[in-house]
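Note: hydrogens, waters and symmetry copies are ignored here, and every other heavy atom, side chains too, is used.
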Amino acid sequence: MSIIEPSIDGLLAETDKDRFLLCSLASKRAHDINDMMRGQRDRAIQLSSAVEIAKASDKKPLSMAFEEIARGEVSYDPATIDATVH
């Protein structure tokens, strides 16, 4: 598996070239996205068909997290290294 888009250089630029911080930030955000998707999926199952749900969840949470980081929608507080979503 390789990251093509967003580029790894662009992602590292968002985390001051710290690859461990990038991994931590992406992991925390992907966890949050996964929790949101799971909760919405449970609710959506009651309201939508399985086909509609499958179309809505075509990306993996980690891919979504990397895209959000690249767009600058996820940042961190250097003092506490906690992820925050804008």
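Note that CG of D9 is 12.5 Å distant from CD of E14, once rounded to the nearest 0.5 Å. Between atom CE of residue M64 and atom CZ of residue R29 there is a gap of 8.0 Å, rounded to the nearest 0.5 Å. The structure places CD1 of I33 at 13.5 Å from NZ of K60, a figure rounded to the nearest 0.5 Å. Atom CD1 of residue I69 and atom CG of residue L25 lie 4.0 Å apart, to the nearest 0.5 angstrom. Distance check: L62 CG to S27 OG gives 8.0 Å after rounding to the nearest 0.5 Å. Here CG of L12 is found 9.5 Å from CG of L21. Values are rounded to the nearest 0.5 Å.
Using a 4.5 Å heavy-atom cutoff, the side chains of M36 and D32 are not in contact. F66 is listed as a side-chain neighbour of L22, based on a closest heavy-atom distance under 4.5 Å. K28 places a side-chain heavy atom less than 4.5 Å from the side chain of S24.
Around atom CZ of R71, more than 12 heavy atoms belonging to other residues, nucleotides or ligands sit under 6.0 Å away.
Of all non-hydrogen atoms in A65 and A26, the two that sit nearest each other are CB-O, 3.6 Å. Closest approach of P6 to A70, counting heavy atoms only: CB-CB, 3.5 Å.
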